[in-house]
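Positions are given from 1, in the same order as the sequence printed here. Below, all heavy atoms of this structure are taken into account, side chains as well, without hydrogens, waters or symmetry copies.
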Amino acid sequence: MSFFTDNEAAIPRGTVRTRFAPSPTGYMHVGGLRTALYTYLIAKKLGGTFILRIEDTDQNRLVEGATEIIYRTLRDCGLTWDEGPDVGGLTPPYVQSERRDIYRRYAEKLVELGGAYVDGDVIRQKIPRDGETTFSDVIFGDITVPNTSASMDEGVLLKSDGLPTYNFANVVDDHLMGITHVVHGSEYLSSMPKYVLLYRAFGWEMPEYVTVSPVMRDAQHKLSKRNGDPTYEDLLTQGYLHSAILNYVALLGWSPGGEREFFTLAELEAVFDTHGISKSPAIFDIAKLRYFNAEYIRALEPAQFAALAEPFIKSAIGDSFAVADVAALVHSRCEVLGEIPETIGFLNAVPPYDTELYTHKKSKTDAAISLDVLHRALPVLESLEPWTRDALYDAQVALAESLGAKNALVMYPLRIAVSGLAVTPGGAAEIAAILGKTETLERVRGAIAKLEV
């Protein structure tokens with residue numbers, strides 16, 4: 001049997017096969033993650049195979065370590081591939097630079113078939129200059145393009161270094177790997193007529209194309225790392241959870257119908273349908289992602305949250321306090337993990353503050369009232385045993401009751417005294433319990449001295 005006949009015989013048929021084919025040129029962008037997710041979901045919804053293919057034919061743009069970033073990102077998000085460079089599969093190899101001889105032979109075959117021609121040391125696609133080419137897209141429907149030089153240039157298929165261009169490699173690979181559905185960005189719509197002509201020249205059946213519109217920063221600008229927009233890695237570093245990111249990214253240009261917004265990956269696998277994909281560009285709204293993240297954080301068990309928050313906590317206060325205690329302090333008020341350090345720095349030391357901070361209309365306090373309250377609170381705290389959050393809270397309530405005042409009259413000055421901040425992740429009782437008795441008493445005495453000046 002010939003090389004081409006053997007290849008045809010080896011193509012998997014009869015099942016859905018999708019592929020995510022990133023170039024290892026840097027970090028995973030939000031749009032790329034969305035493409036990977038939709039590609040994965042189509043395969044899982046239809047009981048098919050999800051394939052990872054590394055498209056590294058543009059050697060000048062490769063970034064060292066980028067392939068590992070792709071692996072790590074997909075694994076982190078639970079997008080496990082069934083076939084790929086590191087796990088093998090039915091149609092290896094899955095790295096394009098390792099398929100060089102395959103492309104050469106198919107490019108030469110295309111020349112024989114009249115779909116390409118040799119131009120010096122490269123092979124170019126031959127474009128008919130009359131008539132028109134029509135292609136069908138799941139999202140955008142049928143699109144017809146005239147076969148003119150203005151619409152389609154006779155681009156290079158095989159470069160002088162023996163490596164293919166993207167347009168040629170992806171057609172050959174998709175065919176030989178039995179790909180049935182291709183998810184790609186709208187920037188590839190202009191190349192679709194060329195794909196059609198390649199498939200026709202070879203006599204191959206085309207996969208279904210699912211074209212997704214771009215993810216935008218705003219109505220005029222695409223998301224761009226160059227313009228400071230975050231990659232997936234950036235979002236993790238800032239303290240967004242991968243589960244929240246993935247849930248939000250799923251909804252960037254896709255609607256499940258109805259009002260529901262929160263989905264696990266398993267739930268997305270069950271409900272995803274390409275009919276819900278919009279033709280309109282999707283706006284990446286960091287405030288909306290923050291909302292998703294806050295909900296996911298609140299749903300975490302205390303131990304889960306503490307484990308995720310630990311590096312952020314230690315970056316601010318080291319090992320000065322028990323991670324579990326500090327995590328419990330911030331859990332219910334945390335929306336993004338990366339904001340934890342700035343909210344807990346006061347645990348190490350009271351920041352400089354003005355005594356005007358003690359003036360609070362709602363709590364009915366000012367500097368003079370606060371000084372009196374702290375004087376009264378000090379002996380209560382000095383004698384308090386055991387030193388627990390509940391005991392501290394009860395002592396404040398009892399002191400307020402003895403003064404014939406509302407709780408805030410006592411709690412507000414004490415919170416300022418132990419934190420030096422107008423806004424804290426917890427009340428005086430929670431903060432004092434973490435600080436411990438010795439440190440709390442020292443801070444209250446320091447506050448009294450500050451107010452007496």
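- In this model, no donor atom of one side chain and acceptor atom of the other lie less than 3.5 Å apart for D76 and T73.
- Taking the side chain as every heavy atom from C-beta outward, W387 and T440 approach each other to under 4.5 Å.
- Take H181 and apply the ring-ring contact (aromatic ring centres under 6.0 Å, His included) test, not counting sequence neighbours, and it matches no residue.
- Below 30°, between 30° and 60°, or above 60°: for H175 and W204 the angle between ring planes is below 30°, a parallel geometry.
- Looking at heavy atoms from C-beta onward, R443 lies in side-chain contact with F346 at the 4.5 angstrom threshold.
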inquiry  = Is there a ring pair (Phe, Tyr, Trp, His ring centres under 6.0 Å) between Y166 and Y188? Walk through the geometry before answering.
reply    = CA-CA 11 Å; Y166 172 85; Y188 293 106; 5.2 Å; yes

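- Look at R13 and E205 and you find no salt bridge, because none of the NZ, NE, NH1 or NH2 atoms lies under 4.0 Å from a carboxylate O.
- Within the 4.5 Å cutoff, side-chain heavy atoms of L241 are placed close to those of L300.
- Under a 4.0 Å N-O distance rule, the pair D153/R124 does not qualify as a salt bridge.
- Using a 3.5 Å distance cut-off with no hydrogens or angles, the side chains of D229 and S224 do not pair a donor with an acceptor.
- The closest donor-acceptor contact from the side chain of T57 to the backbone of L163 lies at 3.5 Å or more, if one exists at all.
- In this model, a donor atom of one side chain and an acceptor atom of the other lie less than 3.5 Å apart for Y358 and Y353.
- A salt bridge links D174 to R53: at least one charged side-chain nitrogen sits closer than 4.0 Å to a carboxylate oxygen.
- A salt bridge does not link R61 to E55: none of the charged nitrogens lies less than 4.0 Å from a carboxylate oxygen.
- Below 30°, between 30° and 60°, or above 60°: for Y248 and F284 the angle between ring planes is above 60°, a perpendicular geometry.
- No donor-acceptor pair under 3.5 Å is formed between the side chain of Y393 and the backbone N or O of A428.
- Within the 4.5 Å cutoff, the side chain of I297 has heavy atoms near those of the L337 side chain.
- Here the CD1-CG distance, from I344 to L421, works out to 12.0 Å after rounding to the nearest 0.5 Å.
- Here the side chains of V215 and H29 are not in contact, with every heavy-atom distance at 4.5 Å or above.
- In this structure, R100 forms no cation-pi arrangement with Y103, as its terminal cationic atom is not both closer than 6.0 Å to the ring centre and no more than 45° off the ring axis.
- Taking the six-membered ring for Trp and thresholds of 30 and 60 degrees, F272 and Y38 have ring planes inclined between 30 and 60 degrees apart.
- A salt bridge between E295 and R298 is present, with a side-chain N of the basic residue lying under 4.0 Å from a carboxylate O of the acidic one.
- Aromatic ring centres of F262 and F292 lie closer together than 6.0 Å.
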Problem set entry | Residues Y195, N170; criterion side chain to side chain contact (heavy atoms under 4.5 Å, CB included); working and verdict | CA-CA 9 Å; Y195 302 165; N170 89 83; 3.7 Å; yes

Can you give me every donor-acceptor pair (side chain of residues 304-311, partner residue at least two apart or in another chain, under 3.5 Å) with its distance?
from	atom 1	to	atom 2	distance (Å)
Q304	OE1	E301	N	2.8
E310	OE2	K314	NZ	3.1

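- The closest side-chain heavy-atom distance from E154 to K126 is below 4.5 Å.
- The aromatic rings of Y40 and F50 stand perpendicular to each other, their planes meeting at an angle above 60°, with 30° marking the opposite boundary.
- The shortest distance between side-chain heavy atoms of L265 and L79 falls below 4.5 Å.
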